[in-house]
Number of protein chains: 2
Amino acid sequence: MKLSESEENYIKSIYNLQVKTEKVNTNSLAVFLNTSPASITDMLKKLKSKKLLEYKKYYGFRLNETGNTEALKIIRRHRLWEFFLVAKLGMEWEKVHDIAEELEHVSSPELINRLDAYLGKPKIDPHGDPIPDERGKVVLLKQKPLKDLAMKQNAIVSSVSSQGHEMMEMLNHYGIGIGSQIKVLKSFEFDGSLQIKIARKPECIISGMAAQNIYVYDN
Amino acid sequence: MKLSESEENYIKSIYNLQVKTEKVNTNSLAVFLNTSPASITDMLKKLKSKKLLEYKKYYGFRLNETGNTEALKIIRRHRLWEFFLVAKLGMEWEKVHDIAEELEHVSSPELINRLDAYLGKPKIDPHGDPIPDERGKVVLLKQKPLKDLAMKQNAIVSSVSSQGHEMMEMLNHYGIGIGSQIKVLKSFEFDGSLQIKIARKPECIISGMAAQNIYVYDN
DNA sequence: AAATAAATTTAGACAAATCTAAAAATAATT
DNA sequence: AATTATTTTTAGATTTGTCTAAATTTATTT
Ligand SMILES: [Mn+2]
Ligand SMILES: [Mn+2]
Ligand SMILES: [Mn+2]
Ligand SMILES: [Mn+2]
C-alpha cells in the first residue's frame, strides 16, 4: 500500500493513541498532531475510503487490521532509525525523534531490512520502546510506572513516556538512563515523591510526576 | 533556507544540467525531471522569487550563488547516503540512487555531519562522483571519456555517466567497476568500439556508446 | 522578410492537505 | 425534558505542485 507522508503520520499517531484508549476521538488526535479537528475529519474520510480504519461519524475511530499492519511498519522504520542515530552516529537520545520523524517515510523494504541486520536486529529503541520485527511483531515488556514499584525492589529503567528535551535534562541530572538499575527507598505520600537509588549514583529524590513517567521492569 | 522536497529536486536537477550547458532551458529540465514544460515554468517563477536563480523569460536560466550553495548541500546529502548504503549496508551500486533520492531531503545538518564523520569523510560516492564537503567544496577529478584515452595508456575508471540498471549489468558483465585499472588496446574507427583490458580480466570489446559513458583518469 | 516550426509561457483546472467559521450532532446540566 | 456546552462535521478558501490546451515568443526555413 502506497501512503503519503501525511497519511503515514496520521496512521502512526492513531496507533499510538489507540494503545491508551479503546476508541480514538477527533480532538485528541488533533491535539496530538497539532492540527485542526477539521483536518482530522478530512483525513479520516480518506483513510476510511482506503480501508485502513473503522470510523463511525461522531463516535470515534480505530485502525483495522490493515491499518495496524501499516502503522507497525512505520513505527519499525522510525525506531530502527532512532537506534541507528544513537548507536552508530552517537547522537543524543532527545534529538533523534525529530530526525526519525522524517526518515521513517523512506519506505524501501530492502533498505529497512538491511539496516535492521546492520544494527544487529535490535529489540528496543533508545527510548526503551520495542521495535517491531519484519513481520510486525512487537515484544512487549511487562513494565510499570516507577511509582508502582514495590519498596526496596530492584528494577531496571525500561522506558520513559515523555521523550522531550525537559525529560532528558532531568534524567541526565539524576544519572538515569534506559537500562539503569533502580530501587525505591522511600515514598512520600504527601506529594508522591520518591527517594531512589540508582546503581553507582548517590541517593536522590524525584517528584511524583517523574515517578509516573519513568517505567521500569522487575529484576 | 527552508525548501520543499520539490524545490530541492528542481534545484539539484538544474545544478546537474548546468555542468554541461551554460544556460539551462525549460524543455531539457522537463525531460530530465519527467514533468511538463509548464510545470517547469511555474517552478522557475517560484525559485526566482526566492532569489535562487537567474531567469530571463524565454532565454533560459541558471542558479545563482545562493542556488548553487543549496544544490551542493542536497548533492552532499545524496551522495553521503549513497555511500552509506553501499559501504555499510552492502547494497548494490545501481539500487542506491532511488533511495538516496528520498533520503537527501532529510535536512538536519547535525545528522549529515555526523554521518559524514561516521563514514570517514568520503570524497567520492559509489558512482565515482565527488561528495561536496561541509563548506560545499567539491574536488573535481580530471577525468575524460574512455573513448578519449590514449592507446596503451594505463588509467583508472573514475565514474560512469549513466547509472541505471542497464549500465550496471554491462559493467558487471565485463568486470568493470569504479577504480578498475583499464587500458585501451585497439580502437575501431568504423563504430567507435574499443578493445580493452581490465586488470586481471580477459580482454574484451565494448561499444562506442559504452566508451563514451565510462570516464577514466590517467594513471 | 514572410512563413513555418519549435520552444516557452499563460490560462485555467485539479488533487492533496490544510485552515476558519458555521452548522449539526452528541453529551452534560439544570 | 429543555437548555447549554462540547465535540465533530461540513462548507468554502487557500497553498503547493501538477496537468492540458491555447497563446505567445523566439528560431529556422523558405
Ligand atoms: Mn513522520
Ligand atoms: Mn523512540
Ligand atoms: Mn530527491
Ligand atoms: Mn551517485
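Residue numbers begin at 1 in each chain, while the letters A, B, ... track the order of the sequences. We use all heavy atoms of the structure for the numbers below, so side chains are in, but hydrogens, waters and symmetry mates are not.
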S.K.: Between B/K142 and B/D218 (salt bridge meaning N to carboxylate O under 4.0 Å), is one present in this structure?
M.R.: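 No, B/K142 and B/D218 are not salt-bridged.
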
S.K.: Enumerate donor-acceptor pairs with a distance under 3.5 Å from any side-chain N or O in residues 66-75 of chain A to protein atoms, sequence neighbours excluded.
M.R.:
| from | atom 1 | to | atom 2 | distance (Å) |
| --- | --- | --- | --- | --- |
| A/T69 | OG1 | A/E65 | O | 2.9 |
| A/E70 | OE2 | A/K73 | NZ | 3.2 |

S.K.: Pairs in or reaching into residues 6-30 of chain B: which pass salt bridge (Lys or Arg N to Asp or Glu O under 4.0 Å), with residues at least two apart or in two chains?
M.R.: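 Output for this query lists B/E7-B/K46, B/E7-B/K50, B/E8-B/R77, B/K12-B/E101, B/K12-B/E104, B/E22-B/R62.
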
S.K.: Got a sec, which residues hit side chain to side chain donor-acceptor pair (under 3.5 Å) with A/S159, two or more places apart in sequence or on another chain?
M.R.: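 Side chain to side chain donor-acceptor pair (under 3.5 Å) check on A/S159 returns A/Q143.
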
S.K.: Mind calculating the distance between CG (A/L47) and C1' (C/dT18) to the nearest angstrom?
M.R.: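 Rounded to whole Å, this separation is 15 Å.
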
S.K.: Using the test side chain to side chain donor-acceptor pair (under 3.5 Å), find all partners of A/S39 that sit at least two apart in sequence or belong to another chain.
M.R.: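 A/S39 satisfies side chain to side chain donor-acceptor pair (under 3.5 Å) with A/S36 once adjacent residues are dropped.
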
S.K.: Under 4.0 Å between a side-chain N/O of B/S39 and OP1 or OP2 of D/dC19, yes or no?
M.R.: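 Yes, within the criterion.
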
S.K.: D/dT10 C1' sits how many Å from A/M43 CE, rounded?
M.R.: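 From A/M43 CE to D/dT10 C1': 17 Å.
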
S.K.: Got a sec, which pairs hit side-chain hydrogen bond (donor to acceptor under 3.5 Å, both in side chains) with one end in residues 109-119 of chain A, sequence neighbours left out?
M.R.: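 As it turns out, the side-chain hydrogen bond (donor to acceptor under 3.5 Å, both in side chains) pairs with a partner in residues 109-119 of chain A, which skip direct neighbours, are A/R76-A/N113, A/R76-A/D116, A/E110-A/R114, A/E110-B/K95, A/N113-A/E134, A/Y118-B/Y118.
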
S.K.: Using a cut-off of strictly less than 4.0 Å between a heavy atom of the residue and any atom of DNA chain D, enumerate the qualifying residues of residues 4-11 of chain B by number.
M.R.: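 Contacting residues: B/S4, B/S6, B/Y10.
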
S.K.: Suppose we screen for salt bridge (Lys or Arg N to Asp or Glu O under 4.0 Å). Which residues come up paired with A/K88, at least two apart in sequence or across chains?
M.R.: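 None.
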
S.K.: Can you give one letter per nucleotide of nucleotides 5-14 of chain C, going 5' to 3': B for a protein heavy atom under 4.0 Å from the base, S for sugar-phosphate only, - for none?
M.R.: --SBBB----

S.K.: With A/H105, which residues qualify under ring-ring contact (aromatic ring centres under 6.0 Å, His included), at least two apart?
M.R.: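 By the ring-ring contact (aromatic ring centres under 6.0 Å, His included) rule, A/H105 matches no residue at all.
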
